[in-house]
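Reading through the structure tokens given below for one structure.
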Amino acid sequence: GAGVSQSPSNKVTEKGKDVELRCDPISGHTALYWYRQSLGQGLEFLIYFQGNSAPDKSGLPSDRFSAERTGGSVSTLTIQRTQQEDSAVYLCASSLRSGTGNTGELFFGEGSRLTVL
Amino acid sequence: AQSVAQPEDQVNVAEGNPLTVKCTYSVSGNPYLFWYVQYPNRGLQFLLKYITGDNLVKGSYGFEAEFNKSQTSFHLKKPSALVSDSALYFCAVRDKETSYDKVIFGPGTSLSVIP
């Protein structure tokens with residue numbers, strides 16, 4: 001596609017429910033990132049994919065959070081048993097990766113706003 | 001571990017005046033440095049980056065940034081601010097020496113340009 005696409009754009013859920021957030025990166029971008037932005041806060045790194053592999057999962061807040069990427073393209077971030085503190089905007093970004101590593105900029109989607117009641 | 005600091009939560013500047021948004025970083029090796037802007041209710045947009053070479057880099061919308069290795073800083077500047085520049089600005093860093101492409105963002109600085 002022309003840009004990074006995220007769905008849903010807005011999700012309201014009840015505490016304890018599971019949610020799935022989807023990211024469709026720019027075609028050909030091998031690197032994919034998930035960040036979380038809470039109200040008035042900066043970007044918290046969650047996880048990074050290179051192809052289908054996730055070299056760094058250190059940012060996932062708890063074992064309720066997981067992410068996968070299939071076919072080197074679409075990624076899904078899953079939050080199980082949601083809590084109110086999970087309420088935030090979840091941003092996905094993708095990037096090209098050169099042979100010497102990623103020197104390019106990240107292209108961000110519009111984000112998925114999650115509200116846990 | 002890499003980290004980014006933006007010491008000012010809020011910067012206010014009069015329209016037409018020069019603006020500076022500060023950023024300092026910490027990496028174990030040499031950095032790749034980036035600035036992004038976020039307009040209200042929008043995703044982040046890339047402004048400019050420093051990879052290597054000239055310490056002064058120019059980017060979109062008339063912005064520029066100066067890499068200072070001794071001070072580990074990468075301050076964002078613009079000679080003449082516009083009201084439309086009001087937004088949230090994020091500095092980001094990647095450690096050039098690692099094989100991971102992890103990009104870490106600073107906490108952001110809210111810029112208000114006053115007419």
Side-chain angles (χ1 to χ4, degrees), chain A residues 2-7 9-10 23-26 29-51 53-60 69 88-113, chain B residues 1-10 21 23 25 27 29-53 57 59-60 63 65 67 74 87-110:
Chain A
V4 178
S5 178
Q6 291 189 247
S7 61
S9 55
N10 277 287
C23 174
D24 197 346
I26 293 173
H29 281 193
T30 57
L32 186 146
Y33 301 77
W34 284 99
Y35 293 88
R36 179 167 71 173
Q37 186 176 27
S38 301
L39 186 62
Q41 302 297 310
L43 273 70
E44 176 187 4
F45 171 83
L46 296 180
I47 190 169
Y48 149 72
F49 287 93
Q50 177 56 38
S53 300
D56 193 331
K57 303 179 182 178
S58 63
L60 294 177
R69 188 180 186 195
V89 176
Y90 290 82
L91 292 168
C92 176
S94 70
S95 180
L96 288 168
R97 190 179 193 271
S98 71
T100 57
N102 193 348
T103 63
E105 61 267 33
L106 304 186
F107 292 81
F108 281 85
E110 296 286 317
S112 292
R113 181 177 298 276
Chain B
Q2 62 216 73
S3 65
V4 181
Q6 294 181 241
E8 301 156 317
D9 293 337
Q10 176 81 40
V21 183
C23 170
Y25 66 90
V27 296
N30 291 308
Y32 295 134
L33 293 157
F34 306 85
W35 276 101
Y36 290 81
V37 60
Q38 186 178 36
Y39 297 103
N41 299 314
R42 299 295 305 277
L44 277 77
Q45 299 177 30
F46 168 78
L47 275 181
L48 51 79
K49 65 182 178 184
Y50 170 80
I51 302 300
T52 188
V57 294
S60 307
F63 283 93
F67 170 61
F74 189 57
L88 194 55
Y89 290 81
F90 292 94
C91 183
V93 66
R94 179 189 165 243
D95 189 339
K96 188 185 296 187
E97 306 305 326
T98 70
S99 60
Y100 291 167
D101 290 341
K102 184 175 180 178
V103 180
I104 295 298
F105 284 77
T109 298
S110 180

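Protein chains get the first letters and strands the later ones, always in sequence-line order, with residue 1 at the start of each. Since the model is a prediction, treat every value here as computed from it, not as a measurement.
Judged as a side chain to side chain contact (heavy atoms under 4.5 Å, CB included), and not counting sequence neighbours, the contacts of B/Ser110 are B/Gln10, B/Leu88. Contacts of A/Ser58 classified as side chain to side chain contact (heavy atoms under 4.5 Å, CB included), with partners at least two apart in sequence or in another chain: A/Phe45, A/Asp56, B/Lys102.
The two residues B/Tyr36 and A/Leu106 have their closest heavy-atom pair at OH-N, 2.7 Å. Residues B/Phe46 and A/Glu105 share a closest heavy-atom pair of CD1-CB, 3.2 Å.
Proximity to chain A (any heavy atom under 4.5 Å) is restricted, for B/Gln38, to the side chain, taken from C-beta onward. Only the side chain of A/Leu91 comes within less than 4.5 Å of a heavy atom of chain B; its backbone N, CA, C and O stay farther away.
In this structure a side-chain-to-backbone donor-acceptor pair under 3.5 Å is missing from A/Tyr35 to B/Phe105.
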